Protein chains: 2
Amino acid sequence: MGRSVTNKPPVPASESSGSNRLRPNVPIAVRAANLLRRRLRQEFAHGGRLPSEHEIAVELGISRGTVRQALAILQQEGVITRQQGSGTYANPTVLGIPARIDFAYEFGQLIENSGLRADIQTLEVSTTMADADAARRLSIVDGDPVLLVRKVFLADGQPAIYGHELLPLHLVREAYAAGELEGPIFRFIERRCLTRVDYILSELVPTTASALVASLLDLAEHTPLLQFVEVMYSPRNQPLVLASIYFRDPPIRFHALRKLVPLD
Amino acid sequence: MGRSVTNKPPVPASESSGSNRLRPNVPIAVRAANLLRRRLRQEFAHGGRLPSEHEIAVELGISRGTVRQALAILQQEGVITRQQGSGTYANPTVLGIPARIDFAYEFGQLIENSGLRADIQTLEVSTTMADADAARRLSIVDGDPVLLVRKVFLADGQPAIYGHELLPLHLVREAYAAGELEGPIFRFIERRCLTRVDYILSELVPTTASALVASLLDLAEHTPLLQFVEVMYSPRNQPLVLASIYFRDPPIRFHALRKLVPLD
DNA sequence: AAGTGGTCTAGACCACCTT
DNA sequence: AGGTGGTCTAGACCACTTT
């Protein structure tokens with residue numbers, strides 16, 4: 001009969017009144033994970049046991065299921081480990097890693113995570129034609145026009161990352177200023193392309209510095225270095241950007257975390 | 001009021017009678033994910049829409065929540081994409097990747113995923129003393145005895161991966177045969193060390209082939225190649241193994257998948 | 001025995017897309 | 001309007017560790 005009992009949650013205990021939330025659609029579990037991650041980096045940077053699921057649930061005014069969802073995110077990231085019967089523990093080893101390969105989105109951020117000051121230097125913004133390989137990877141036709149952006153990222157003034165990005169021109173739906181392309185390209189896509197980057201697939205190519213890359217990254221020619229050849233995709237699985245990125249080893253050294261998955 | 005209603009689940013609809021399950025402690029959600037992953041690689045290798053959560057739940061005789069947990073695993077891996085209001089879709093791009101950096105556990109498996117025949121050649125099994133760097137990374141004392149294993153992995157007869165592994169001797173609790181160390185080292189650890197490898201933290205080091213590595217991997221000296229310097233950890237966060245692995249680029253080229261995480 | 005994490009169920013409501 | 005995924009709650013039971 002009538003409306004059944006529903007339990008609109010009593011607001012996640014962050015800002016109970018005033019402007020209810022900054023972004024509306026961020027799930028409580030994700031916000032709780034973000035909150036706990038910040039606490040981990042502050043209070044638990046050197047390890048320690050977190051409160052129990054029940055205590056966190058009460059503290060944040062959410063259900064245990066939602067707390068578990070938040071903790072699952074952090075466990076997946078490796079920043080906590082959990083022991084049945086004992087508790088949830090911070091993992092200082094993982095918390096201390098500045099460059100996780102699976103979290104390398106904004107390269108400026110990547111540099112700052114390493115404790116360095118980041119500067120971006122835009123070398124070129126132009127339109128050109130896709131070659132055969134680029135066209136194939138972007139699901140467009142050889143010769144189609146693409147936006148080309150070339151950048152160097154500096155860490156404490158020293159060149160650290162060089163990259164060039166290709167964005168098919170047909171994706172751009174609105175007029176734009178050249179300056180807009182100096183920030184992260186996914187911000188540009190969100191603003192001007194009616195879509196967003198959902199995931200990035202990178203090929204890890206071991207290489208050595210060419211004359212061009214050596215001069216841009218202030219390296220001796222033939223110095224070993226890591227290259228990403230990456231394609232960025234929309235939620236609908238459409239290729240949006242083809243990029244090629246070169247990372248100078250000092251200061252950027254990537255880490256990967258592998259967790260064993262159970263089989264049946 | 002005696003026992004309340006409990007709902008022992010009606011057995012996951014795989015093998016209802018006989019030997020109930022092969023491994024007892026694998027969660028239904030993980031088994032469902034494994035089952036669906038196999039179906040994806042078979043029926044959905046070229047894309048397509050999966051049944052709805054409700055249909056899967058009915059088919060497998062489990063609740064929608066458990067189905068969602070299974071699908072969350074596959075979504076995290078990137079092999080499916082989901083669109084609210086529309087459905088769950090296979091992602092052929094990701095399904096086709098043979099060498100995901102975050103799934104690189106058994107290198108023999110890695111080679112076979114690329115469609116090649118894998119062979120393992122054990123070069124050396126011995127005990128030695130940890131140097132200062134190894135001791136630090138393994139949380140032991142400089143000079144402590146360690147097991148040393150050196151191997152080459154062949155792909156279709158051609159050398160593809162070279163690695164050496166160090167395992168502190170004090171972790172080994174039982175007598176063992178040298179042959180046991182020719183398989184994957186985490187199997188050895190499970191059998192002989194009263195613990196297991198929970199996760200692996202790898203440093204990605206761009207390098208070029210030394211004389212030794214060049215000869216072992218049948219490369220010209222100074223050929224660019226990717227090195228992993230990795231530490232394997234127990235669930236209690238204890239370092240178990242320090243390894244150094246070199247991957248010849250053909251045939252092994254790694255891929256990384258990065259998914260954007262929402263902030264609040 | 002008590003506390004902790006691990007799993008699963010059931011149900012409600014919402015947001016979104018398709019028809 | 002109906003179906004689909006997205007989120008959250010509540011409760012039950014289990015397995016494990018600690019006291």
Side-chain angles (χ1 to χ4, degrees), chain A residues 1-13 21 23-33 36 48-58 60-76 80-90 198 235-236 262 264, chain B residues 1-13 20-21 23-33 36 49-58 60-76 80-90 198 235-236 262 264:
Chain A
M1 315 302 297
R3 324 267 299 105
S4 46
V5 195
T6 310
N7 287 326
K8 243 306 72 192
V11 180
R21 9 178 177 169
R23 298 201 196 182
N25 284 331
V26 179
I28 295 175
V30 172
R31 284 190 283 173
L36 291 168
R49 208 185 89 156
L50 275 66
S52 73
E53 295 178 347
H54 178 256
E55 286 174 299
I56 295 173
V58 170
L60 301 183
I62 60 184
S63 75
R64 184 182 162 218
T66 304
V67 172
R68 279 188 63 76
Q69 217 176 314
L71 293 173
I73 293 170
L74 302 175
Q75 188 176 25
Q76 173 70 28
I80 59 171
T81 59
R82 320 196 65 194
Q83 292 168 219
Q84 192 172 20
S86 176
T88 299
Y89 299 85
D198 184 54
R236 280 359 199 290
D264 45 355
Chain B
M1 323 298 303
R3 323 267 297 104
S4 47
V5 196
T6 311
N7 286 328
K8 242 308 71 192
V11 179
N20 216 343
R21 8 179 179 171
R23 297 202 198 183
N25 284 332
V26 179
I28 295 176
V30 172
R31 283 190 284 172
L36 291 167
R49 207 187 87 155
L50 276 67
S52 73
E53 294 177 348
H54 179 256
E55 286 174 300
I56 296 174
V58 170
L60 301 185
I62 60 183
S63 76
R64 187 183 159 217
T66 305
V67 172
R68 279 188 64 75
Q69 216 177 314
L71 292 173
I73 293 171
L74 302 175
Q75 188 176 25
Q76 171 71 28
I80 59 172
T81 59
R82 320 195 66 192
Q83 292 168 219
Q84 193 173 21
S86 176
T88 299
Y89 299 84
D198 185 52
R236 271 17 191 279
D264 47 352

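Order of the sequence lines sets the chain letters (A, B, ...), proteins ahead of strands, with each chain counted from 1. Just so it is clear, the model here is predicted, and its values are computed rather than measured.
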Where do N or O atoms of nucleotides 15-19 of chain D meet protein N or O atoms at under 3.5 Å, pair by pair?
unit_1  : atom_1 : unit_2   : atom_2 : d
dA15(D) : N3     : Gln84(A) : NE2    : 3.0

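Here the side chain of Ser63(B) is nearest to one of dT9(C), dT4(D), dA10(D), namely dT9(C). Across dG5(D), dG5(C), dT4(C), the shortest atom-to-atom separation from the side chain of Arg82(B) is found for dG5(D). Residue Ser52(B) places its side chain closer to dT4(D) than to any other of dT4(D), dT7(D), dT4(C).
Residues Gln83(A) and Arg49(A) are not in side-chain contact: their nearest non-hydrogen atoms beyond the backbone lie 4.5 Å or more apart.
The nearest whole Å value for the distance from the CD atom in Glu53(B) to the P atom in dG6(D) is 6 Å. Look at CZ on Arg68(A): it is 15 Å from P on dT9(C), rounded to the nearest Å. Here the C1' atom of nucleotide dT4(C) and the CZ atom of Arg49(A) are 7 Å apart, to the nearest Å. Taking atom CG of residue Leu36(A) and atom C1' of nucleotide dG5(C), one finds them 15 Å apart after rounding to whole Å. Atom CD1 in Ile73(B) sits roughly 10 Å away from atom P in dC8(C) (whole-Å rounding). Separating the CD1 atom of Ile56(A) from the C1' atom of dC8(D) is a distance of 17 Å, rounded to the nearest angstrom. Whole-Å rounding puts the Gln76(B) CD to dG6(D) P distance at 14 Å. As a whole-Å value, the separation of Ile62(B) CD1 from dT9(C) C1' is 11 Å.
Within the model, atoms OG1 of Thr81(A) and CG of Leu74(A) stand 11.5 Å from one another, a figure rounded to the nearest 0.5 Å. Here Arg64(B) contributes atom CZ and Leu71(B) contributes atom CG; the two are 10.0 Å apart, rounded to the nearest 0.5 Å. Here Gln76(A) contributes atom CD and Gln76(B) contributes atom CD; the two are 4.0 Å apart, rounded to the nearest 0.5 Å. Note that CD1 of Ile56(A) is 11.5 Å distant from CZ of Arg68(A), once rounded to the nearest 0.5 Å. From Ile80(B), atom CD1 reaches atom OH of Tyr89(B) across 12.0 Å, with rounding to the nearest 0.5 Å. Atom CD in Gln75(A) sits 8.0 Å away from atom OG1 in Thr88(A) (nearest 0.5 Å).
Between Thr66(A) and the phosphate of dT9(D), there is a side-chain N or O to OP1/OP2 separation shorter than 4.0 Å.
Taken over five-pair windows at either terminus, the axes of the helix from dA1(C)-dT18(D) to dT18(C)-dA1(D) are inclined to one another by 0° (rounded to 10 degrees).
The 5' end of DNA chain C is approached more closely, in terms of each residue's nearest nucleotide, by Gln69(B) than by the other of Arg64(B) and Gln69(B).
Across every non-hydrogen atom of Ala29(B) and Ala70(B), the tightest pair is O-CB, 3.3 Å. The two residues Leu60(B) and Ala32(B) have their closest heavy-atom pair at CD1-CB, 4.0 Å.
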